[in-house]
Structures are given as structure tokens and as C-alpha cells.
Amino acid sequence: MRLRLIIFYCICTSNISAQTLGGNTVFNFLNLPNTPQLTALGGVNVSKITDDIGLACNNPALLQSSMHTQMNAVFNSFYAGIKVYDLTLGYRSEKLNTNFLWSLNYFNYGNIQQTDATGNVYGTLRPVDWVMQVSASRKYMGKWNYGTTLKFINSNYGIYRSNGVAADAGVLYSDSAKLFSVSILAKNMGFQLKQYSGTNAQDLPFDLEIGITKRLKNAPLGFSFTVHHLHQFDIRYSDTSFNNENGFSNGSNSKISFDKIFRHFVLATDIYLGEKVEMTAGYNYLRRQELNTGNSGNGLNGFSFGIGVLLKKLQIRYALAAYQNNTTYSQLGLNMKLNEYFGLGKLGERIHW
């Protein structure tokens, strides 16, 4: 119980200087990937074009007409028994020449005992976080796609409650002949509508990201290169006392400068085993460095892996990501084309690369 309480508190209200300059951020659960493919890609990716509406939740510019009536349901088994669920639906309006998306991402932290400072039990509380979003996208001049997302965010920890609004905006350029795409995304631009009791207004976890994806023409391989937090150069969490106690360096030198730069990078690769199976691996340098423990080994922290089975009417995706030494968490996602089951009308073409 105590571990669950610590995890959800750190996700949502911790003092993380890597997120915003000189202050705190709120609703940090918005940074967690909501779909297996994004998890497998390293948790940050804005440029991979795929027929998976889950990725369009992260970047509205990836929302395509081929996602009409697609439903994505994701089930996460997070640490300490925390359960995370995501449901996403897509719709294409020919009249408005616009693609739409609706999504709900829900975090259930279970039942936790409510106590006072001396340990007296006063009952239980059921902390939850959730975000509901609506996205829209359009194509421009064949190779460009642009989109925006509006979010309503809610957080409830017993007597401590907060909510807010945010927006994402993305632009995508893709060249299907060259199997190349590049995108830029501004995430979580917004503010709190209601603050937690006893706290002042806090910043949302804003991020500015750019990414490039290239699939090789004569080999079953694709690569993605993503840079995040473009608006802030030094995103290290720096605590001098903690660094001294755990063997980390303080100050600035060439090694630290190299470290500062590469904390912005996320690398990923895809292996295409025919048209039905995809395998993915990602590496998030920032995550690995932040989860380091002094000079001791840190296992597979920062690495992630995934597999997708793409059938005619169903996509099955599974991902593993390491956030603790020798411990991973998993995600299972199912994508269904509802028009294939219920005759809702077929729009758009399936994306093949």
C-alpha cells in the first residue's frame, strides 16, 4: 500500500526540475506512454507513421483517415498493483474533411488506508487520475498533416483534488516514396483550473519534441530518432547532497556536457517480419540516467521492447519497459477496425510502411 502511495504521489506532484525551469509540475502521469507501440519505441516518438490510433493520442498529426472507426483498448500492469486503462476511438468526417479522435486514459491506484501522523486509521481512499481528450487532424498538399488536441485532466486523492486543461499541436511531413517522415509536437500547453488544497498553481509538464523516422527500402528495418525538451537545455535532476552520497558528479565538465545533450535523445528501431509481424526496441537515455544508482549496475533501465501482430480485422500489440533494476512493466493493446465488424463504412487506405 505504501509503495503505491509513493508511486502515484511521485508521478503527479513531485519536484522534478527536469520538467520545467525552476519549479514543480503537476499531472506528471501525462508523460507516461498510453499505448504499447509508444512504450516499445522508448516512450517518446512523434514521427512514426502507422495504422495504430494509439500513437495519434500522443501526436494528433499522426491521426489518419485510415483510422476511421478504429478502436484501441490498452491494459497496463504497472508497479505495486497500479492499473492503467486507455480507450481510444477514431472517426473520419468526409463532410468536414477532418479526422477525429476521442480518448480516455485512466489510472487506478487501488484502495489505500487513510491515516494520521500517528498511524491511526480513519478509513480508505481510492486515488485516481484520468485525462479525456479530443483530437482533430487534416491533410495539406498531400505530404503534410497537422492536428491539435484538447484535454481535460482530473486528479483525485481523497480531500486533495485538482483538474486542468491542456492542448497539443503537431505538424507532420511524410514522403511515402522515400519512406521518410518528420514531425514536431508541442505537448501539454495548459494550466490548472483547480489546485490541490493548500498548494499554489503549478505548471503542466510541457514538452517540445521533434522526430525523424526512416524505413529502409531494401531491408525490413526502420529507425526513429526523437529529441524531446527542445525548450530546455539542461534537464538533469541535480541534488548536490544526493549526488555526493550516491557517487554522482557535481559541476560541469565535458562528460557532463555530453550527458546534457544526450538526455534529450530517444532512439528506436523496428524489424518487419513480413506484413503481419513487427518487432520494436527503444532506448531512452534520460530514463536510464535518472534511474541509475551511483556506480552500481542498472540492468535494462531505459530499454523497451515490443511486438505487434497485424491481422486484417485486429492488431495485437504487447510491450515491456524497464523502470526498475531487473523489473519491467507490461502493456497489452488491442486495435479493432469496427467498420470491419459492423459495416460502418470504410474510409481511407491502410498504411503499409
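Residues: numbered from 1 along the sequence shown.
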Side-chain donor-acceptor contact under 3.5 Å, [X] with [Y]:
X	Y	result
N99	Q64	no
T50	D52	no
T280	D270	yes
D259	Y285	yes
R92	N97	yes
Y91	S93	no
S224	T213	yes
S103	T88	yes

Closest non-hydrogen atom pair, [X] against [Y]:
X	Y	result
Y318	S330	OH-CB, 3.2 Å
F265	H228	N-NE2, 4.2 Å
L30	I153	CD1-CD1, 3.7 Å
L185	P60	CD1-CD, 4.0 Å
L216	L179	O-CD1, 4.0 Å
N188	A166	CA-CB, 4.1 Å

Is the backbone N or O of [Y] less than 3.5 Å from a side-chain atom of [X], with the two atoms forming a donor-acceptor pair by type?
X	Y	result
T328	A321	no
D168	T148	no
S135	T149	no
D207	E209	no
Q192	Q202	yes
Q113	L125	no
H264	F233	yes
N145	A61	yes
T269	G222	yes
Q331	P33	yes

Quick one: does [X]'s side chain get under 4.5 Å of [Y]'s, heavy atoms only?
X	Y	value
R317	I307	no
R126	I112	no
L338	Q70	no
N284	V44	yes
K48	L41	yes
M67	K337	no
L87	N72	no
V128	Y106	yes

Worksheet item: Is it true that the NZ or CZ of R287 lies under 6.0 Å from the centre of Y323's six-membered ring and within 45 degrees of the ring axis?
Response: yes

Discussion item. Within the supplied structure, the quantity of interest is the number of heavy atoms (other residues, nucleotides, ligands) at a distance under 6.0 Å from M279 CE; does it exceed 12?
Written reply: no

Rounded to the nearest 0.5 Å, what separation is found between the [atom1] atom of [X] and the [atom2] atom of [Y]?
X	Y	atom1	atom2	answer
N335	I316	CG	CD1	10.0 Å
S183	N59	OG	CG	4.0 Å
T98	R138	OG1	CZ	3.5 Å
Q133	W102	CD	CH2	10.0 Å
L267	N45	CG	CG	11.0 Å
I49	L55	CD1	CG	11.0 Å

Practice prompt. Test side-chain contact (heavy atoms from CB on, under 4.5 Å) on E290 and R263 and set out the steps.
Written response: CA-CA 9 Å; E290 288 189 337; R263 286 184 185 236; 3.9 Å; yes

Evaluate the ring planes of [X] and [Y], with Trp represented by its six-membered ring, and classify them as parallel (under 30°), tilted (30 to 60°) or perpendicular (over 60°).
X	Y	result
Y109	F107	parallel
Y283	F303	tilted
W130	F152	tilted

